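Atoms within each ligand, like the ligands themselves, are counted from 1 in listed order. Please read these numbers as outputs of a predicted model, since none were measured by experiment.
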Amino acid sequence: MNLDFVAGKTFETIDPRTGETIARVSEGDKEDIDLAVGAARRAFDHGPWPRLPGAARAKIMHKFADLIDQHIEELATLDTLNAGKLFSWGKAVDIPSVANTLRYFAGAADKIHGQVLKMSRELHAYTLLEPIGVVGLIIPWNFPSTMFFVKVSPALAAGCTMVVKPAEQTPLSALFYAHLAKEAGIPDGVINVVSGYGPTAGAALTSHMNVDKVSFTGSTEVGRKVMQAAAASNLKTVSLELGGKSPLLIFDDADIDQAADLALLGVMHNKGEVCVAGSRVLVQEAIYDEFVKTLVEKAKEWVVGDPFHPNSRVGPQVNKTQFERVLSYIEHGKREGATLLTGGKPAAETGFYIQPTVFTDVKEDMMISRDEIFGPVMALMKFKTIEEGIKYANNTKYGLASGIVTKSLDIANTVSRSIKAGVVWINCYHGFDIDCPFGGYKMSGFGKDFGMEALHKYLQTKAVVTPIYNSPW
Ligand code: NAD
């Protein structure tokens with residue numbers, strides 16, 4: 001790990017609880033990306049990693065996971081300090097689950113094999129699954145640890161080497177993971193972390209001629225640029241996990257208490273900075289009024305406060321830009337004629353805290369119903385029939401996630417097949433599991449993270465063909 005980049009420049013990283021600078025971090029640029037890609041290329045073309053038996057790669061990955069377990073407190077602290085994430089959640093869920101992500105893909109490292117094919121002629125053929133090569137992994141700031149391992153783990157298992165570009169807002173835990181990777185025995189050049197900005201370091205990675213694939217998680221707007229850069233350079237393959245404006249459909253037969261809890265969990269979790277946030281809550285008309293009453297009561301349980309405090313459920317937005325962006329959407333909502341039911345204001349004098357906010361009387365064409373806000377802001381709408389609910393749910397350019405609350409198996413079956421989204425959570429929300437493929441439909445991107453589909457993003461298939469008899473073809 002080399003923390004001194006070529007130009008010697010640094011940038012500030014802040015604590016969103018106060019807005020104060022907590023560290024200065026080396027700012028990588030194009031030259032640093034060149035060096036990192038060069039190191040990854042050498043490690044791929046000549047180093048041991050892609051050539052090790054899968055079980056040997058797995059052993060090192062397990063060691064890496066064990067080291068993460070030994071540093072849970074420090075890692076959870078870094079993500080709370082740098083991203084305003086709840087410390088209790090990081091310690092109990094986020095950090096242990098990244099160690100398990102490594103273990104899950106380590107378990108696959110020695111089971112990567114092709115197939116023997118049944119050819120139609122006198123040929124013997126089989127396929128080899130080979131690592132795709134040097135991969136560029138570009139990640140956002142909302143889940144700095146989860147996003148790092150969702151990409152790094154399958155790439156490691158596949159035998160790839162990589163350059164990771166963490167978000168400029170949250171570089172700290174990624175730098176610690178680079179240090180732990182070395183301690184675990186991951187060979188030099190396999191994981192290279194370059195902290196820096198998107199338009200410079202990130203863009204250099206996406207347009208690099210020596211990078212074979214880019215796996216990107218971030219906004220739809222930048223996702224488009226990533227694809228353009230890949231097309232304009234070496235036609236590297238791309239996978240994109242992008243934004244969302246996910247609907248939660250609550251039907252007349254739902255348990256209102258459970259539905260209100262799920263609706264709040266859907267959009268307030270991680271202060272709404274979640275790509276799958278259930279930010280559009282669509283409620284069938286017969287229970288609408290009662291649901292609203294329950295929801296407003298329960299919103300009070302989402303206590304805003306210092307993310308290190310065990311009672312806090314909503315921490316600060318990641319930085320001033322994000323804080324102001326969310327507040328400006330709230331102003332738009334009011335101007336467009338939606339009714340503010342609760343919240344709508346900053347929640348503290350210092351830091352980037354925003355009250356959990358719920359709008360009702362939201363219309364389909366309002367900005368707060370169309371745009372990804374990425375904050376604790378819910379848009380509530382009423383629908384009459386199942387068909388109308390489905391129509392509203394699908395009326396978005398995005399298709400990342402969705403939820404349904406109902407006791408009816410018929411409704412659950414019909415609606416889950418009609419929604420155009422990568423996941424449908426029935427009577428739950430944020431039901432993630434490392435074994436469950438995750439990724440979008442429509443403008444939420446393509447290519448799955450999690451599950452064995454993620455491993456295959458970092459592999460390519462080669463066919464090997466030979467005649468069975470001594471014939472030239
Ligand atoms: P962003 O698109 O601004 O940035 C994401 C990453 O891309 C950062 O590392 C950034 O430095 C880099 N980047 C920016 N410009 C670039 C460029 N021109 N070339 C290459 N890289 C560039 O997104 P963000 O604000 O960090 O994150 C929020 C967005 O991410 C939201 O839209 C959210 O929905 C999405 N997100 C999606 C998922 C998912 O799995 N689908 C998960 C988390 C976040």
Side-chain angles (χ1 to χ4, degrees), residues 11 13 25 27-30 33 82-83 85 94 136-151 163-171 174 193-208 211 214-233 236 238-246 267 269-279 317-319 321-323 325-326 329 371-375 396-401 421-423 430 432 436-451 454 457:
F11 63 99
T13 190
V25 177
E27 183 187 332
D29 208 328
K30 188 175 176 312
I33 292 290
N82 208 186
K85 298 176 73 69
D94 278 355
L137 308 176
I138 301 179
I139 56 180
W141 43 261
N142 58 340
F143 286 89
S145 292
T146 309
M147 291 296 142
F148 188 93
F149 283 98
V150 148
K151 301 206 181 292
V163 178
V164 189
K165 213 297 281 165
E168 51 271 38
Q169 297 84 350
T170 55
V193 177
V194 180
S195 45
Y197 290 98
T200 50
L205 196 53
T206 57
S207 57
H208 206 289
V211 171
V214 167
S215 176
F216 171 83
T217 296
S219 59
T220 296
E221 187 195 351
V222 175
R224 196 190 289 277
K225 291 187 187 162
V226 170
M227 264 186 101
Q228 284 165 344
S233 53
K236 56 181 70 62
V238 168
S239 56
L240 304 175
E241 300 287 341
L242 308 175
K245 188 73 186 177
S246 300
V267 69
H269 176 60
N270 203 49
K271 17 128 188 173
E273 292 172 349
V274 186
C275 51
V276 295
S279 48
Q317 308 309 127
V318 74
N319 61 14
T321 312
Q322 220 31 48
F323 172 77
R325 188 169 172 266
V326 175
Y329 269 113
D371 288 8
E372 181 178 46
I373 299 177
F374 228 53
T396 167
K397 65 182 179 186
Y398 296 115
L400 192 55
V423 60
H430 297 307
F432 284 103
C436 186
F438 168 70
Y441 279 23
K442 297 173 16 185
M443 287 179 77
S444 292
F446 52 85
K448 304 290 175 186
D449 278 337
F450 296 167
K457 288 201 309 199

* Mark yes or no for whether Lys30, through its side chain, and Thr200, through its backbone, hold a donor-acceptor pair below 3.5 Å. => no
* **Nearest option to atom 35 (C) of ligand 1, as decided by whichever heavy atom of Gly218, Gly243, Gly136, Ala167 sits closest** => Gly218
* Sub-4.0 Å protein heavy atom near atom 13 (N) of ligand 1 -> yes
* Just let me know how Phe374 lines up against ligand 1, side chain, backbone, both or neither, with a heavy-atom cut-off below 4.0 Å. => side chain
* To do: Report yes if some N/O of Ser219 lies less than 3.5 Å from some N/O of ligand 1; otherwise report no.
  => yes
* Heavy-atom proximity to atom 37 (C) of ligand 1, best of Leu242, Ile138, Asp449, Val214 -> Leu242
* Asked: Which pairs count as side-chain hydrogen bond (donor to acceptor under 3.5 Å, both in side chains) when at least one residue sits in residues 438-450, sequence neighbours excluded?
  -> Lys151-Asp449, Asp449-Lys457
* To do: Pick, from Gly202, Cys275, Pro171, Ala277, the option with the minimum heavy-atom distance to atom 20 (C) of ligand 1.
  => Gly202
* **The one among Thr170, Ile139, Leu205, Asn142 that brings a heavy atom closest to atom 9 (O) of ligand 1** => Ile139
* Test of proximity, Gly198 against ligand 1: N or O pairs below 3.5 Å -> yes
* Parallel, tilted or perpendicular: which fits the ring planes of Phe432 and Phe450, with parallel below 30° and perpendicular above 60°? -> perpendicular
* **Glu168 N/O to ligand 1 N/O under 3.5 Å** => yes
* For ligand 1, indicate whether the residue Thr217 contacts it via side chain, backbone, both or neither (heavy-atom separation under 4.0 Å). => both
* Is Met147 in contact with ligand 1, taking contact as a heavy-atom separation below 4.0 Å? -> yes
* Asked: So which pairs with a foot in residues 218-228 pass salt bridge (charged side-chain N to carboxylate O under 4.0 Å, His left out), sequence neighbours left out?
  -> none
* Is it true that a side-chain atom of Glu273 and a backbone atom of Val318 form a donor plus acceptor pair closer than 3.5 Å? -> yes
* Protein residue, atom and distance nearest to atom 32 (O) of ligand 1, heavy-atom basis -> Glu372 OE1, 2.6 Å
* Asked: Quick one: do Lys85 and Asp94 make a salt bridge, cutoff under 4.0 Å?
  -> yes
* **Test of proximity, Thr220 against ligand 1: N or O pairs below 3.5 Å** => no
